[in-house]
Structures are given as structure tokens and as C-alpha cells.
Amino acid sequence: MHRLSCWALVACTGFALATVSRVTLAAVDHIEVLDRKPYQGGKVFPGVGAYETIHGRAWFKLDPDNKANARIVDLKYAPRDSEGQVEFSTEFVLLRPTKAVDSTLLYDVNNRGGQISGMLNFAIDPTRTPPFVDTGFLQRNGFTVLASAWQWDVKPEGPDDHPLVFTPPIATDHGRAITGKVANEFTVDKPSDTASFTGIDGRAYPLAIKDDPLAALTVRARPDDPRVPVQRSLWSFVPATDGQASTQLRMHDGFKPGLIYELTYTARDPYVVAAGVAGIRDLLSWFRAHPFEGAPARKRVLLFGASQTGRLIEQMLYDGFDLDEQQKLVFDGALSLVGGSGRGSFNHRFAFPTRAASLVLDRDYPTDLFPFTTAEEYDRVTGQTGSLLTRTRDAKGRSPKLFFVNKSTEFWGRSASLLQTLPDGSADVAADPNTRLYLFTGMQHLLTPDPTRGNTVNCSNPIDDLPSLRALLIDLDHWVRNEGMPPANAYPTLASGTLVSAARYRQLFPKGIGLIAPDNPFVPDRMDFGPRFTVQGIIDRLPPAHGQAYTVLVPVPDKDGTDSAGLRPVAVQVPLGTYTGWNQQSAASGFGWALDRFEGSFQPFARTEAERKSTGDPRPSLEARYCITRRIHRADAIDSEQGRRRA
């Protein structure tokens, strides 16, 4: 283990009185290298060479008085060192070429404590278990990949799980504990006497009072139903065994599927959660300005995040965390994948970074907040104006180049239309010139290689998005290198007639194909969290007061039922069936009224015209589409002969 220091002193002189001020040239105080080893046993990648993995810890010192940190909620209440700085640390993993190459640093925003995800390297091989294989895409293209911890509410899933650790500072009121109400929604998959109230088996804020007799547990069938209190004597907290705060409850007559439970209690010791986000900012600032372990500083930095971490990128942009304490850009471009619209519970008092609103759960968390678009928009209901990018520009007016990539699922499950329409859905909002909006047509949230139905009514959508995703990453890298322009926006719009209401979608969707179109996408409400929330990030109203809903629109289906707009992969251009971004949960899940938050649907075409006519399917058969009558009949004959032999 060794340590690298990067503090500097700068003398500042006033008019009549000379003063000396200590100014950090980067908010990283020092870095410790904990482990270093060859990647994949020293495998050599053509044109790039071997890679190595470095595991380390970075120590940060944030200046609460610096304007770059002004939006970090509760930073001013965090403990300070003798120089008035707030100190914390985070673990990181760096995967890089061992020899000096012209390498773009790709920051992989990890989710729930994971290390480098490797998503961009994956390919699907259904003959393997697990079915993922590593293509070496990032290594073959010379990327340096960095990931670091930034979420506090993560704990190991098992003894062999070692998540990256981030321990943020705790806010106090001049040494006295700060308290406040927190809410935790959760469901169970099967009847159980105990349940984790953190939802994803994460961590919880500690109780202000042991076994809090005033803590409340409620139950309801749907998010908008009245909350029904559960008698306090019928449930209790299960003490934790790891020295942390309790994360489980025990119920006298057990927890049941199909119900939404919500635990509310008075917590203490709020973390300065956005310190983790600032840690990402400052780690990138350091790596693009300093040589590290024999390698030069990286000239170009990109961000990549998917789902929750895609929304984290949107939060960073909204809060101006693309600029460091010296107001310099820390990343040149970012690709946010399947984040939909909205941000997350990333920067307020008693925030839960792993929570995300869906049709069923967590709809009362501050995740779907105005503004949503990259150009300025106006909300006629509230009178507000704003843009995601208001705080992103440096002194020269530069801001990162951005790809927002969604799939069909995000229009049904994460209100993705709000990225480019007014909040009432009445008009399009043109994207910022440095932004591209893309829809991966007909794809679901993330690829599920298992072809079975699972907890959904329809078969899962099988389209692999990774080839398209890798192509876009290269496009973004070329864009920030000034080596070419990326593809134009490919997103459904009102002007093109490719964006409609869910009710209209249901009317247009083809009938008699074995799929029933839904009309209940996730629609967030305007919410009021109390008078201190907007400026101070403090929630005084829990649950929040719900106002008028935003207007959510969805892509128009084509004659087969697949979305008509966006970037259409080969599987959609030469289809074997209908591909949608929605899939109804099964009745067995307990939430048969809701769409699954991740899954899309696939409904194959009939193989022959005779088969199509027998079922009344209006979609042309494979035989009619591709003139494969002879091959189909031959396959039928082979199947018949094999069946005869088995008999």
C-alpha cells in the first residue's frame, strides 16, 4: 500500500492587507493503492496489449464554502478537520492498459456497490451458464475503466460478496444528533413471518429511539389506496446481527404478497449522501489532471450509467457536478442508458440512493422532479421554468456531450417521454445541441436471456441491445475527440406523430395477435415535500402532498405492434414477431394489475399462412414475409419424422 498526495498552496493578496489562503487544486487529498494484479492472467489484446486491475481507496476533502459544493445537502453540518474541510473516503477499481496508449477514461457508474459491471463487454451465449461471455470490447478499443463507491445503503448479499465501500460523513447540529422521519416501502414475493423493509435488502437509517413505539406500519393494495395502519403490537423490529441498524420486521400473522407495506419512523444521523456524488466528480477531476502509477493523465473522460446509475448522471448534470471546485469540466461526455426521465433520491436529507419509483413502489420518493429536459421548459401548472443543464456550463460556456438512450420499456415504466415534451405533453422541447436522444426500438429495460415467462404474462423480449450500445459508445468517443458527428436524434415526437397517449396506443395496437395492449404506464405526480425541500433538501411533509399528474406519452406502434420510431435494430427491421416494451405482471405475483418494471413482451409470427388464418392473426406469417414455404414444410417434415421415431 502506498499513498499519493495532491494538495497545493496558493497565496492570495488583497488591496491593503495580504492574506494567505489554502486552495485545493483537486478535492482528492490522497490515494492509497491497495492491490494491483494482471487482468485475465495477463491476456494480450490486439493493438493495445495487456491490462491490469488496480484496487484503491481515495480520500477526499470538500470545502463547504466553495460554490461547487453549495448544492450538497447538509455538507455544512458535516464534521470538519482543523482546516475547515469535510473528509471522507471511497474505494475504487481501475482497469487499464499496462502500456501507454491514447486511452479514453470511461467511468462506469456502479450500481448497489458493484465493481466494474462489464456490461459493455457482454455477449449472450444461451449454451452457457451463466449465459454471458466477455467480448473484450472495452479492452480491444483501449478504454481505461474506472468505478468507485458512492451509495451508502448497500450491504453484502453473502459472505463472498465484497461491494465497494463508501462511508459518507454524518450530519450533526453542532454535535447533537439530527433526527427526522423516513419512510420505507416494501413488498414480499411469498408469505413470510419476517421481511426486509429496505426493499432490496440494503441498509437503513438507525432509529432515533430504540424500538420506536411511535413507528408506524401501514398496508395497502395499490399506491393510491388509503394507508391502513397495522396495530403496533402485531409487529416488531428484528435486531441486526452485523452491528448496523435494523433492516427487518417481524409480523405476528406474517407478510403477504400483493400488498404494499410502508414503515415510517423517526431516524437519526443522516448521511451527507451527495458527498458520494461529489466523490465521483473529484475522482474524475484528479485522474484527468494527474499521472497515476506510471501512466499519464487521461485527456478524455466519459461516463456510462444504466438504469439507476443513468439517473445518477442526470442528477450530476442537474446539480452541476460535471464541474469541479475550480469550475473545470471533469467529464467530456456521458451515456445514460434506460434512465427514463427524472433523477433519484441522491441529494436530500435522509436520502436512499438505491430507491427508484415504479408503478408499484417508491412513488413518494423525490425522484421525478421538474425539470426533465435538456433545453429550458415551462410548466404551465406550477409556473416553473428550468432545464437539466442549467448548471453544467463552465466559464467558456462548454458542457459535456450527452447521449440519453432509452428503450421501449422506459416509456411505460419510467415516463421517458418527459425528456423531450413539456410537462403537460402539449408540445415537443428541442434537445440541447450537445445532446442526443435515442430510443432503442422494441427493446426491454435490460436483456433477460431466460426465455421463460417468470412472473409475467407474456414471453420476455429477446432483443440484444449490446451491439447497438457499443456502437453508440464509439460514436460518443469520436464526438468528444472531434472525429465526427453522432447519429441525429432518433426519438418519438409529437411533431412526427410518433408519440401518443396510452389510450390512443391501445386503439392503434393490432388486435387478435395474442397480446393485450395496456393503458396504465407509470405516471408521476407533481409532489410537495414541504417548505424546506427545494432550497435545503429537507423533507417536512411525509408522505408528500400529491398535485396534478404529469402527462406521459408512449411511442406509436407499427402494423405489427412494435414501436415505429427510434433506432431500429436488425431484429426489428427483419422481425420474427412483435416486440414491445411492456409486459403485464402475472396474477401469481400479487400485482397482476401492474406492468413489470423491467420486462417487455415477444409474440412470434405464425410460421405459415395456414397457421395464421387458423388463429385469426392479422400479422403476415413468416412464410408470407420471407418466402420460406419450402423450408418451413421441410422443418415440419423433420419434426414429424422425429416425433414418429420417438413414439
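When a residue number appears, it is its place in the shown sequence, counting from 1. All values below were derived from every heavy atom in this structure, side-chain atoms included, with hydrogens, water molecules and symmetry-related copies excluded.
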Take R541 and D528 through the test salt bridge (charged side-chain N to carboxylate O under 4.0 Å, His left out) and record every step on the way to the result. CA-CA 7 Å; R541 187 171 289 123; D528 181 358; 2.8 Å; yes
Would you confirm whether the ring centroid of F350 sits within less than 6.0 angstrom of the ring centroid of Y205? yes
Within 45 degrees of the axis of the six-membered ring of W286 and under 6.0 Å from its centre: does R281 put its NZ or CZ there? no
Start with the C-alpha gap between Y550 and F370, add the side-chain angles, then the distance that decides, and say whether ring pair (Phe, Tyr, Trp, His ring centres under 6.0 Å) holds. CA-CA 10 Å; Y550 293 106; F370 182 90; 7.5 Å; no
Any donor-acceptor N or O pair under 3.5 Å, side chains R380, S426: yes
When you compare the side chains of T144 and S103, does any donor N or O come within less than 3.5 Å of an acceptor on the partner? yes
Ignoring hydrogens and angles, state whether a donor on the side chain of Y505 or W582 is under 3.5 Å from an acceptor on the partner side chain. yes
Proximity of F166 and W152 rings by center, below 6.0 Å: no
For R568, is there an ion pair with D563 - N to carboxylate O distance below 4.0 angstrom? no
Should the ring pair F411 and Y491 be called parallel, tilted or perpendicular, given that the plane angle runs from 0 to 90° and is split at 30 and 60? tilted
Is the distance between the ring centroids of F92 and W150 under 6.0 Å? no
Sidechain N-carboxylate O distance under 4.0 Å for D319, R71: yes
Looking at the rings of F287 and F292, which for Trp means the six-membered one, are their centres under 6.0 Å apart? yes
Pairing donors with acceptors under 3.5 angstrom, does anything connect the side chains of T421 and D428? no
Is there a donor in the side chain of D465 and an acceptor in the side chain of S468, or the other way round, less than 3.5 Å apart? no
Would you check, one step at a time, whether the test salt bridge (charged side-chain N to carboxylate O under 4.0 Å, His left out) holds for D394 with R398? CA-CA 5 Å; D394 66 8; R398 298 172 300 186; 2.9 Å; yes
Is a donor from one side chain sitting under 3.5 angstrom from an acceptor on the other, for N69 and D63? no
Determine, for F346 and R311, whether the Lys NZ or Arg CZ falls below 6.0 Å from the six-membered ring centre while staying within 45 degrees of the axis. no
Indicate yes or no: does D368 engage R363 in a salt bridge with an N to O separation below 4.0 Å. no
Any side-chain donor near an acceptor of the partner, R300 and T104, under 3.5 Å: yes
Give a yes-or-no answer on whether the side chains of T309 and N111 include a donor-acceptor pair shorter than 3.5 Å. no
Ion pair R355/D362, N-O distance below 4.0 Å: yes
Answer yes if the side chains of R393 and N434 hold a donor-acceptor pair under 3.5 Å, and no otherwise. no
Can you confirm whether the side chains of R268 and T179 place a donor and an acceptor under 3.5 Å from each other? no
Please determine, by modelled atom types, if D324 and S285 share a side-chain donor-acceptor pair under 3.5 angstrom. yes
Closer than 3.5 angstrom, by distance alone: can the side chain of R436 be matched with the main-chain N or O of P487 as a donor-acceptor pair? yes
Derivation of the ring pair (Phe, Tyr, Trp, His ring centres under 6.0 Å) call for F304 and Y107: CA-CA 6 Å; F304 170 71; Y107 184 87; over 10 Å; no
How about F404 and Y438: are their ring centres within less than 6.0 Å of each other? no
